[in-house]
Amino acid sequence: MPELPEVETIARGLSRQVTGDVIESVWVGSKPEPLKSPAREIARTLEGARIADVRRAGKHIVFDLERRGGKARDQWIVHLGMTGRMFVCGAEAEIPKHTHAIATLRSARELRFVDPRRFGRLQVVRDQRFETSGREPLDVGFEIFAKLFRGRKTPIKSALLNQKLLAGIGNIYADESLFRAGVRPRRRAASLTRNDVRRLYDSVQQVLNEAIAAGGSSVSDYVNADGEAGFFQFAHRVYGREGDLCVSCGAPIKRIVIAGRSSHYCPKCQK
DNA sequence: ACTATTTCCTGGATGC
DNA sequence: TGCATCCAGGAAATAG
């Protein structure tokens with residue numbers, strides 16, 4: 001499932017493939033489509049626009065668009081949800097099931113959005129810079145990071161998943177960060193000591209940077225913009241390892257459910 | 001203002 | 001083999 005490192009990897013790949021290309025026409029699938037903006041507005045905003053850059057914001061892919069001669073700051077925002085894929089292919093390539101949008105490029109290639117589970121979302125933002133409400137975990141300073149958890153009764157795991165606080169962390173990297181920080185997922189966010197928060201801050205940055213370097217985690221069917229799997233799943237220490245032995249102390253990894261999300265941790269290493 | 005719970009959605013795994 | 005059921009989870013909606 002695409003979280004920050006996977007989206008970062010995809011956005012980099014797409015940026016390399018389509019920056020400078022021009023969107024000639026757009027097709028958006030019929031009726032209940034995963035859209036946040038009306039199909040007509042998406043088509044109107046994209047058609048004729050030049051892709052100036054592709055980048056990541058939180059878990060969103062952002063296509064910065066440029067109009068001929070215009071100064072408008074339009075953007076095409078793509079959220080992949082759980083199973084969404086965004087990739088470039090030739091126009092002759094077979095159109096897979098669950099294809100919801102196709103942008104035809106001047107280079108005669110196509111940019112396609114495919115999402116079986118339909119948790120993904122397409123959106124356009126016009127004349128303003130798209131911003132996530134949460135902080136970027138790799139840019140935020142320690143003091144602001146620490147402040148996010150102050151006074152919060154919610155479990156630290158839930159706080160890490162809350163995109164309004166930090167944008168981009170999902171289930172995998174929340175669990176992996178908490179393991180490295182030695183903090184149990186059920187701990188109330190406000191109960192973390194300054195040292196806990198310090199270790200968590202360092203762990204989040206470490207895990208995300210290592211995962212980006214590994215091209216993300218391919219747990220279900222995630223592949224990057226070039227169709228290649230990432231390999232950070234081999235570095236997971238707790239996620240998906242229920243019953244396996246802790247790499248650090250040998251105790252069996254536990255799995256519990258917090259707010260409906262499975263959470264993995266080492267009962268011996270995490271306090 | 002917060003927090004917790006429910007809902008959306010389909011493919012793959014599991015169970016009988 | 002086949003059919004039903006469960007589960008995964010990001011974020012929005014709903015309830016408390």
Side-chain angles (χ1 to χ4, degrees), chain A residues 1-11 29-38 56-62 77-86 95-101 113-123 125 130-137 147-178 185-192 204 208 211 216-223 229-230 232-233 236 238-243 253-265:
Chain A
M1 36 236 75
E3 304 179 25
L4 186 153
E6 291 77 29
V7 179
E8 177 70 31
T9 304
I10 292 168
S30 56
K31 285 306 143 329
E33 290 305 320
L35 307 175
K36 259 182 109 166
S37 306
R56 178 195 61 76
K59 294 177 192 172
H60 306 263
I61 302 170
V62 180
I77 315 297
V78 178
H79 193 296
L80 298 174
M82 295 218 20
T83 53
R85 291 190 54 208
M86 189 92 216
I95 294 176
K97 214 171 157 182
H98 307 302
T99 299
H100 304 300
F113 175 64
V114 179
D115 182 19
R117 220 165 293 182
R118 292 170 178 250
F119 276 17
R121 288 292 177 266
L122 302 183
Q123 176 187 7
V125 173
F130 171 79
E131 306 254 27
T132 58
S133 42
R135 303 277 177 164
E136 281 292 336
K147 211 171 169 182
L148 296 176
F149 307 120
R150 220 161 281 165
R152 293 196 180 268
K153 295 194 185 89
T154 196
I156 185 63
K157 167 69 182 275
S158 300
L160 287 174
L161 292 179
N162 184 344
Q163 301 299 299
K164 294 195 169 104
L165 301 179
L166 290 166
I169 298 177
N171 213 28
I172 296 174
Y173 300 104
D175 281 3
E176 292 299 317
S177 298
L178 287 168
R186 267 216 241 267
R187 286 270 301 281
R188 305 275 138 187
S191 80
L192 269 65
V204 164
L208 294 177
S217 303
S218 290
V219 291
S220 47
D221 48 8
Y222 157 78
V223 288
F232 194 70
Q233 65 277 17
H236 292 175
V238 286
Y239 183 84
R241 297 193 65 239
E242 180 184 14
I253 298 302
K254 275 194 154 187
R255 188 184 82 93
I256 57 177
V257 175
I258 300 174
R261 299 287 163 261
S262 62
S263 304
H264 313 73
Y265 71 100

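Protein chains get the first letters and strands the later ones, always in sequence-line order, with residue 1 at the start of each.
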Write down the protein N/O and nucleotide N/O pairs, taken from nucleotides 13-16 of chain C, whose separation is under 3.5 Å; answer none if there are no such pairs.
none

State which residue, out of A:Ile61, A:Thr9, A:Val7, fulfils the side-chain contact (heavy atoms from CB on, under 4.5 Å) condition with A:Pro2.
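Looking at A:Ile61, A:Thr9, A:Val7, the match for A:Pro2 under the side-chain contact (heavy atoms from CB on, under 4.5 Å) is A:Val7.
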
What is the distance, rounded to the nearest whole Å, between atom [atom1] of [X] and atom [atom2] of [N]?
X        : N      : atom1 : atom2 : result
A:Asp175 : C:dG10 : CG    : P     : 10 Å
A:Phe149 : B:dC2  : CZ    : C1'   : 16 Å
A:Arg261 : B:dT6  : CZ    : P     : 12 Å
A:Tyr173 : C:dG9  : OH    : P     : 13 Å
A:His100 : B:dC9  : NE2   : P     : 11 Å

Nucleotides 6-8 of chain C: which of its N/O atoms have a protein N/O under 3.5 Å away?
residue: C:dA8; atom: OP1; partner: A:Arg255; partner atom: NH1; Å: 3.0
residue: C:dA8; atom: N3; partner: A:Arg117; partner atom: NH1; Å: 2.7

Within the 4.0 Å heavy-atom criterion, would you say A:Arg121 contacts the bases, only the backbone, or no part of the nucleic acid?
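If one applies the 4.0 Å heavy-atom cut-off, A:Arg121 turns out to touch nothing in the nucleic acid.
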
Stacking between A:Phe119 and C:dG10, defined as ring centres under 5.5 angstrom apart with planes under 30°, is that present or not?
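Yes.
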
Single hit among A:His264, A:Arg261, A:Lys157 for side-chain hydrogen bond (donor to acceptor under 3.5 Å, both in side chains) with A:Asn171:
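Of the listed residues A:His264, A:Arg261, A:Lys157, the side-chain hydrogen bond (donor to acceptor under 3.5 Å, both in side chains) partner of A:Asn171 is A:Lys157.
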
Does a side-chain N or O from [X] land closer than 4.0 Å to OP1 or OP2 of [N], or not?
X       : N      : answer
A:Lys36 : C:dA12 : yes
A:His79 : C:dA11 : yes
A:His98 : B:dG11 : yes

Using 30° and 60° as the class boundaries, would you call the ring planes of A:His236 and A:Tyr239 parallel, tilted or perpendicular?
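Ring orientation, 0 to 90° scale: perpendicular.
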
Report yes if some heavy atom in the side chain of A:Arg85 is under 4.5 Å from a heavy atom in the side chain of A:Leu80; otherwise report no.
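The answer is no, as the side chains (C-beta and beyond) never meet within the 4.5 Å cut-off.
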
Are any of the side-chain heavy atoms of A:Ser37 and A:Leu122 separated by less than 4.5 Å?
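With C-beta onward as the side chain, the pair stays apart.
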
Nearest-neighbour nucleotide for the A:Arg118 side chain, C:dG10, B:dC9, C:dA12 considered
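Looking only at heavy atoms from C-beta outward on A:Arg118, the closest nucleotide is B:dC9.
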
Under 4.0 Å from any atom of DNA chain B, heavy atoms only: list the residues of residues 154-169 of chain A that qualify, in numerical order.
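A:Thr154, A:Pro155, in order of number.
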
